[in-house]
Amino acid sequence: MLTQYPGGVTAAPLTPAELEGVRAQFPILAREVNGHPLAYLDSAATAQKPLRVIEAESAFYRESNAAVHRGAHTLAGEATELYEDARRTIAAFLAVDENEVVFTSHATEALNLVAYALGSASIGRGAGASAAAAPHALAPGDEIVVTELEHHANLIPWQELAARTGATLRYIPVLDDGALDLEAARTIIGERTRVLALTHVSNVTGAITPLEQLVPLARAVGALVVLDACQSAPHLALRPRELDVDVAVFSGHKLYGPTGIGVLYGRAALLDALPPFLYGGSMITTVTMERAEYLPAPQRFEPGTPRIAQAIGLAEAVRFVTGIGLERIAATEHALTERMLAGLARIPNLRVLGGTLVTNRVGLASIVVDDVHAHDAGQVLDEAGIAARVGHHCAQPLHRRLGATASLRLSLGVHSTADEVDRALEAVASIRPFFGFSGGDRA
Amino acid sequence: MSGLEQLYQQIIIDHSKHPHGVGLAEGEETSHQRNPVCGDEITLALRWDATGERVESVAWEGSGCSISQASASLLATLAEESVEEGSPWTPEELTALIEEFRDALRSRGATPLDEERFGDAAALSGVSKYVARVKCAMLAWVAAEDLLQRRAG
C-alpha cells in the first residue's frame with residue numbers, strides 16, 4: 001500500500017517484519033510497566049534511543065574521549081574528527097553546508113541564541129569585536145511575529161527580545177479548529193516585520209504549518225524566518241533551504257538521539273553577521289585584556305567544551321532514521337495516525353485539540369476527556385503500561401485559546417504499532433467509566 | 001484492589017465531584033498555590049474563631065485534577081470534624097498535622113496516613129506510591145502551611 005506523505009511524496013509503510021526489526025533495536029521496548037509491555041506513546045516529549053545510538057555515545061567515551069579543537073595528541077585528533085564528522089552528517093541530513101550547522105545544548109538554547117544575538121546586534125555589537133551587525137538590529141517600531149501555536153521556547157525568547165529592543169511582539173492567532181488564521185497573517189506580517197518565528201509542526205495539534213503560504217509573506221518584507229522544527233524533524237524530511245527559512249532548530253533527543261544536544265541551522269550569511277551568544281574559550285582568534293576577536297561560525301557559537309559524545313550520538317541517530325528513510329517513517333506513522341484519530345472519533349465525550357484532520361499532520365493527538373482532568377486521565381493509561389504526556393505541553397497560550405488547561409497527548413514514534421494504538425484507544429475509552437461518568441460503573 | 005483503585009478510592013472521587021468547603025469571601029487573606037506541571041490551582045483561607053487561636057473552618061476555591069481537589073475538600077472536612085468534636089485546631093496542632101501528612105505522602109507507601117488522625121483524608125495514602133502526584137495532594141496543605149507561617153510571622 002502506498003500512502004500519501006504530507007510533503008506530497010509517496011512511500012511504502014514499513015512491513016510488519018521491518019517494523020519488528022526496528023523495534024528490536026530499542027532495548028527499552030522490552031520493559032514492562034505496571035505488569036504490561038511498555039507502550040511508549042510519548043515520543044513528542046522525548047524519543048527512545050536505539051541501541052546503536054547508546055553504543056555510539058558510549059564508544060566515544062570508551063575509545064576516543066578527548067577535548068576537541070585543542071591539543072595535538074592522537075586522541076584529540078580522533079575526537080575532533082568524530083565531532084566534525086557528526087556535523088557533516090547533520091549537514092547532509094538537512095542538505096545544507098557544514099558551516100551552517102551549530103551544535104547547542106537543546107533547541108531551547110538554539111532559539112535563545114538567535115534571539116539574544118539579534119538583541120546584541122540591536123545594541124551595536126557585531127560579529128567581530130567591532131563590526132556592527134546593523135542589518136539585523138531591531139528598534140522601536142520594528143515587529144517580531146510569532147504564532148499562537150508556539151511552544152514556550154519559541155515565544156518567551158521573543159518576548160524578551162522585544163522587551164530589550166523596544167520592538168513589538170505580535171502573533172498570528174489560531175482559529176477555533178486549531179489552524180492558524182492565514183487571513184490574519186496576511187495583515188500581521190507587513191513592512192514593520194523583522195522576524196517571523198514559527199513552529200513547523202504544533203506539539204499540541206500535530207498540524208504541519210502551511211509554510212508555503214507564510215514564508216513568502218516574510219520574504220516579501222525582508223524579515224528573517226526562524227523555524228522551530230523540533231516536532232517535524234523526527235517525522236518528515238527537513239530541508240531548510242527548500243522551505244526558504246533562515247534558521248531552523250531541532251532537538252537531538254526527539255530524533256532518537258541523546259539529551260543535551262540541539263541543532264541550529266543558520267543560513268551562512270546570517271550566521272556570519274550575528275554576534276555571539278555565549279562567550280569564552282574555543283570561539284576566539286585573538287584575546288587581549290581589553291577585547292577579543294571571534295572565530296567564524298559555527299565555532300563562534302560553540303564556546304566551551306562542546307557536547308562531543310552527544311553530537312556523535314545524534315549523528316548515529318540521524319544515520320538510523322535516514323537508513324529507514326524519513327518518507328517511509330512518515331508513511332508508516334501516517335497510517336497509524338489515521339487509525340488513532342478514527343479510533344478517538346468513535347469514543348464519546350472526548351475532544352481532540354486541533355480536530356481530527358488527518359492530512360498535513362504528524363502522529364500525535366492531544367485529548368481532553370469531558371469531566372476528567374488530564375492528569376487523572378493519564379494515570380489510567382499509565383496503569384495500562386502506556387506512557388503518554390499530560391499537561392499543557394509547554395503551550396499554555398494555545399491550550400487557553402482552545403479552552404483547555406491541560407490535555408492528554410498520545411504521540412507516535414518510528415517503533416509504534418497498531419496494537420499499541422489500539423491499547424491506548426481502549427484505555428482512553430475506559431477513562432470516564434473508571435471515574436464513574438456515563439459509560440457504566442467503575443470496573 | 002489495583003494500584004489505580006488504591007489511588008482513586010471512592011472517597012476521593014466523591015470529594016472531587018462534590019467538594020466541601022468551597023467558597024471564599026471577598027478580601028479575606030488567602031494563599032494561592034499552583035502546580036505549573038499540570039495547572040492545578042488552589043486558593044485557600046483559614047478562618048479563625050473569636051479568640052483567634054483556633055481554626056473554625058477551611059475555605060477554598062480551585063481547579064485541577066481530582067487528587068488536588070479532593071485533598072482540599074478532605075482538609076476542609078477534617079477541620080469541620082475537629083470543630084464538631086469540640087477540639088478545633090490550634091496553629092501548632094495544624095502545623096503538626098500538615099507535617100505528618102507530608103511525611104506520609106513522601107514515604108512512597110511506607111507510612112500510611114493514620115485513620116484516627118486523618119479520618120476520610122487517610123484515603124489519600126494511596127497517592128504516596130505515585131511520586132508524580134504527591135504535589136497534587138499537597139497543594140491545599142501547603143497553602144494552609146503558608147498561612148500559618150505568615151501568621152507566625
Side-chain angles (χ1 to χ4, degrees), chain A residues 32-36 42 45 152 156 204 353 366 368-400 402-409 426-428 430-443, chain B residues 1-19 22 32-43 60-74 105 108-109 120 123-140 142:
Chain A
E32 285 202 345
V33 171
N34 295 326
H36 303 275
D42 198 17
H152 298 161
I156 305 172
V204 174
L353 299 181
S366 297
V368 177
V369 178
D370 290 351
D371 307 309
V372 182
H373 190 275
H375 221 145
D376 296 321
Q379 206 75 55
V380 174
L381 269 66
D382 183 57
E383 181 76 3
I386 301 160
R389 173 84 182 262
V390 294
H392 48 63
H393 322 310
C394 300
Q396 285 183 10
L398 180 59
H399 273 79
R400 208 170 287 127
L402 298 177
T405 51
S407 60
L408 169 71
R409 184 180 67 189
E426 193 185 328
V428 168
S430 78
I431 292 169
R432 278 177 55 88
F434 178 82
F435 289 102
F437 294 104
S438 67
D441 293 321
R442 290 176 69 195
Chain B
M1 229 178 354
S2 73
L4 200 60
E5 282 162 345
Q6 278 175 25
L7 175 63
Y8 292 109
Q9 295 192 25
Q10 196 61 48
I11 291 171
I12 293 176
I13 293 185
D14 290 346
H15 273 267
S16 71
K17 288 182 186 171
H18 309 287
V22 175
H32 176 72
Q33 299 293 326
R34 207 157 183 260
N35 182 353
V37 177
C38 54
D40 291 350
E41 282 185 72
I42 299 279
T43 306
W60 65 283
E61 289 176 3
S63 63
C65 71
S66 62
I67 302 290
S68 69
Q69 305 302 294
S71 184
S73 173
L74 285 159
L105 259 70
R108 296 186 176 229
D120 280 354
L124 290 162
S125 290
V127 177
S128 72
K129 287 182 192 153
Y130 294 85
V131 180
R133 305 306 297 275
V134 170
K135 199 165 177 190
C136 310
M138 284 304 306
L139 216 53
V142 167

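What you see is a predicted model; the values in this text were computed from it and never measured. Convention: sequence-line order gives letters A, B, ...; per-chain numbering from 1.
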Colleague: Going from OG on B:Ser16 to CG on A:Asp371, what distance comes out if it is rounded to the nearest 0.5 angstrom?
Modeller: 10.5 Å

Colleague: What part of A:Val372 lies closer than 4.5 angstrom to a heavy atom of chain B: side chain, backbone, both or neither?
Modeller: neither

Colleague: Hey, which of B:Lys17, B:Gln69, B:Arg133 has the most heavy atom pairs under 4.5 Å with chain A?
Modeller: B:Arg133

Colleague: Below 4.5 Å from any heavy atom of chain A, which atoms of B:Ile67 appear? Answer side chain, backbone, both or neither.
Modeller: both

Colleague: For the residue pair A:Asp376 and B:Tyr8, what are the closest heavy atoms and their distance?
Modeller: OD1-OH, 2.7 Å

Colleague: Which one of A:Val390, A:Val380, A:Thr405 has the most heavy-atom pairs closer than 4.5 Å to chain B?
Modeller: A:Val380

Colleague: For A:Phe434 and B:Leu4, work out which heavy atoms get closest and say how close.
Modeller: CZ-CG, 3.6 Å

Colleague: Against chain B, label A:Ala406 side chain, backbone, both or neither, depending on which of its atoms sit under 4.5 Å from a heavy atom there.
Modeller: side chain

Colleague: Relative to chain B, which segment of A:Glu383 carries a heavy atom at a distance below 4.5 Å: side chain, backbone, both, or neither?
Modeller: side chain

Colleague: Do A:His373 side-chain atoms and B:Ser63 backbone N/O form a donor-acceptor pair below 3.5 Å?
Modeller: no

